[in-house]
Amino acid sequence: MVGVILKMNHPTRGQNAYYLTNQELHESNARSYPRRIPIAIKEANGIMVKDVEGKNYFDCLAGAGTLALGHNHPVVIEAIQKVLHHQLPLHTLDITTPVKDEFIGELFNILPKEFSSKAKILFCGPTGADAVEAAIKLVKTATGKRSIFSFHGAYHGMTHGALSLTGNVSPKQSVANLMPDVHFLPYPYSYRCPFQQGGDLGAQTSSHYVQHVLDDPESGIVSPAGMIMEIVQGEGGVIPAPNSWIDQIRSITQDRGIPLIIDEVQTGLGRTGKLFAFEHSGIVPDVVILSKAIGGSLPLSVVVYDESLDKWSSGAHAGTFRGNQMAMAAGTATIRFIQENKLEIQADKLGNKMMGSLKEIQKNSSSIGEVRGRGLMIGVEIVNTQQSPNKMQSYPPYPELARQIQHECLKRGLILELGGRYGSVVRFLPPLIVTEKQVDIICEIFDTAIQSVERKLLYFT
Ligand SMILES: Cc1ncc(COP(=O)(O)O)c(C=O)c1O
């Protein structure tokens, strides 16, 4: 009898639990996504993934925004196969190759001419965080200055320097001696405006404050080597900055000779409805950081920057894995496919449709504070309406409820991730190849999941 019970409790190879148990046994305590998305993925195609038990899911996490064309897109597979079949080198450090040359040509071709015509590119090592590290070193070297400005709610990665520029204090708390001289400024987050103003007024106050900090000789902060920002904060809770604010920040930095670094790691290649998110406002940045989608599912990251900053010397930022040829080939294929099929326009259209449906769901929900986003980068902020709102009518975040909604969605075959303050924002980050029909199904699943969670909430209160 005991043997039977033991056997029943011990998961077998074909079950999610088998892999999750092994994962827990062998992998670090620092693992993150599996805690909220406890499945083992066996196959993947387009927006769909299948777990080892044969259950299908709509993948609206898409490798945290990496999979612009979804899983295993034919043009990506073809590009990788071409590298393999022609015996091209797989890895070349930063030695050039025809594959690399083609990638640079395609990337420069889709960047706005005002920027690309005088830009240099650095291949990094190959994560977004390494490109952030490179960008900081670049502007520090070029200006000879030491401090960097970042924003509340920013996410720039998990390496020591990038973490220093990140807003979320939780992963920073246990790491002593992060990079010094980083200063955080208020981002225009209307729903939780730090000035309790919100809207245009809140954004205006933010830019006034930035200007004040830079110009007040007693602000306590020396003139920075650079300012780094996201046009839509992703991990911070899907917060799109207004175009007027972005314009103001560009003027403020330009007038004072401060290099503006735009982190497009998550927003780049069409996700927000433009090929690059900075194009919404039409500014010309000094430095652009790209990763995720540009490798067409494979690891690749680059910093593209104004040639006037190119003052560092050979080897100033190096790293072994800067020559992943399959990633460059997959990236070239991805860029071409996005451009030929105008997927950024599709992202804008379907993003608006998705946001419209989520706003309809909000009308019948007691726990959605705000639906916001740009293109196919959408967030739904889950709030506690049983508590009192602040003077801007914003309710406190409700992370436990967000987690339950995420869990109910997963049960119904929809993978979503959480972000934002306390993890209370449900994030939709589907591949750009998502169809109208799929958007409808995704929203229906979300609707039934949120209704189910709210019914339980009513029952227990
Ligand atoms: C805006 C932004 N910058 C940087 C990073 C770090 O990229 P990576 O995780 O590849 O190091 C991320 C990752 O999500 C990001 O969203």
Side-chain angles (χ1 to χ4, degrees), residues 28 30-33 36-37 60-68 122-138 148-168 170-172 179 182 184 187 189 226-241 246 260-272 276-278 280 285 287-304 317 319 321-322 324 327 330-331 373-379 416-420 423 425 427-429:
S28 161
R31 67 193 186 283
S32 59
Y33 293 107
R36 298 175 298 280
I37 305 166
C60 282
L61 175 55
T66 307
L67 304 161
L122 172 78
F123 286 78
C124 301
T127 64
D130 190 62
V132 169
E133 299 288 341
I136 303 165
K137 287 162 61 183
L138 173 80
I148 303 282
F149 281 8
S150 185
F151 286 90
H152 301 165
Y155 185 84
H156 298 294
M158 281 286 148
T159 51
H160 224 243
L163 180 61
S164 311
L165 304 170
T166 290
N168 187 357
S170 165
K172 301 168 99 166
M179 187 172 80
V182 178
F184 287 88
Y187 197 78
Y189 179 10
M227 179 186 283
I228 184 164
M229 74 182 201
E230 296 152 272
I231 300 289
V232 182
Q233 287 189 338
E235 306 301 307
V238 195
I239 306 167
I246 296 162
L260 180 62
I261 307 166
I262 300 296
D263 183 341
E264 292 261 7
V265 167
Q266 197 163 131
T267 48
L269 276 202
R271 172 143 312 270
T272 67
F276 301 95
F278 69 79
H280 286 288
V287 182
V288 176
I289 302 170
L290 292 161
S291 186
K292 295 197 193 271
I294 59 153
S297 324
L298 299 177
L300 188 65
S301 78
V302 296
V303 183
V304 190
H317 191 79
F321 285 108
R322 289 175 293 147
N324 186 336
R374 234 175 194 174
L376 285 170
M377 194 168 170
I378 298 172
L416 296 169
E417 177 52 326
L418 303 179
V425 177
R427 303 193 51 196
F428 295 74
L429 213 57

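Small disclaimer: the values here were computed from a predicted structure and weren't measured. As the structure lists them, so they are numbered: ligands from 1, and atoms in each ligand from 1.
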Margin query: Within the 4.0 Å heavy-atom shell around Thr127, which atoms of ligand 1 are there?
Written below: 10 (O), 11 (O)
Check: Nearest protein heavy-atom contact for atom 14 (O) of ligand 1: which residue, which atom, what distance?
Finding: Lys292 NZ, 2.9 Å
Notebook entry, point to check: Looking only at atom types and distance, does a side-chain atom of Lys172 sit under 3.5 Å from a main-chain N or O of Thr166, one as donor and one as acceptor?
Noted result: yes
Margin query: Please determine whether any non-hydrogen atom of Glu264 lies less than 4.0 Å from an atom of ligand 1.
Written below: no
Next item on the list: Please work out which of Gly234, Gly128, Gly295 has its closest non-hydrogen atom nearest to atom 7 (O) of ligand 1.
Entry: Gly128
Checklist line | Part of Met158 with heavy atoms under 4.0 Å of ligand 1, whether side chain, backbone, both or neither | finding: neither
Check: If you round to the nearest 0.5 Å, how far is CG of Leu122 from CG of Leu138?
Finding: 8.0 Å
Item checked: Contacting atoms of ligand 1, where contact means under 4.0 angstrom from a heavy atom of Gln266 -> 14 (O), 16 (O)
Next item on the list: Check ligand 1 against Asp263 and write out every atom of the ligand that is under 4.0 Å from a heavy-atom position of the residue.
Entry: 1 (C), 2 (C), 3 (N), 4 (C)
Notebook entry, point to check: Donor-acceptor pair, Glu230 side chain versus Ala154 backbone, under 3.5 Å?
Noted result: no
Check: About how many Å separate CD1 of Ile239 and CD1 of Ile231, when rounded to the nearest 0.5 Å?
Finding: 13.5 Å
Check: Does Arg322 use its side chain to pair, donor to acceptor, with the backbone of Gly125 at less than 3.5 Å?
Finding: no
Item checked: Per-atom contacts of ligand 1 with Ala129, taking only distances under 4.0 Å to non-hydrogen atoms -> 6 (C), 7 (O), 8 (P), 11 (O)
Next item on the list: Give, for atom NE2 of His156 and atom CG of Asp263, the distance between the pair rounded to the nearest 0.5 Å.
Entry: 5.5 Å
Check: Less than 4.0 Å between atom 9 (O) of ligand 1 and some protein heavy atom, yes or no?
Finding: no
Next item on the list: Mark up the atoms of ligand 1 that fall under 4.0 Å of a heavy atom belonging to Glu230, in ascending order.
Entry: 1 (C)
Margin query: Counting C-beta onward and ignoring hydrogens, is there a side-chain heavy-atom pair between Leu165 and Met179 closer than 4.5 Å?
Written below: yes
Notebook entry, point to check: For atom 15 (C) of ligand 1, which protein heavy atom lies nearest, and how many Å away is it?
Noted result: Tyr155 CD2, 3.6 Å
Check: Which value, rounded to the nearest 0.5 Å, describes the distance between Asp130 atom CG and Phe321 atom CZ?
Finding: 12.5 Å
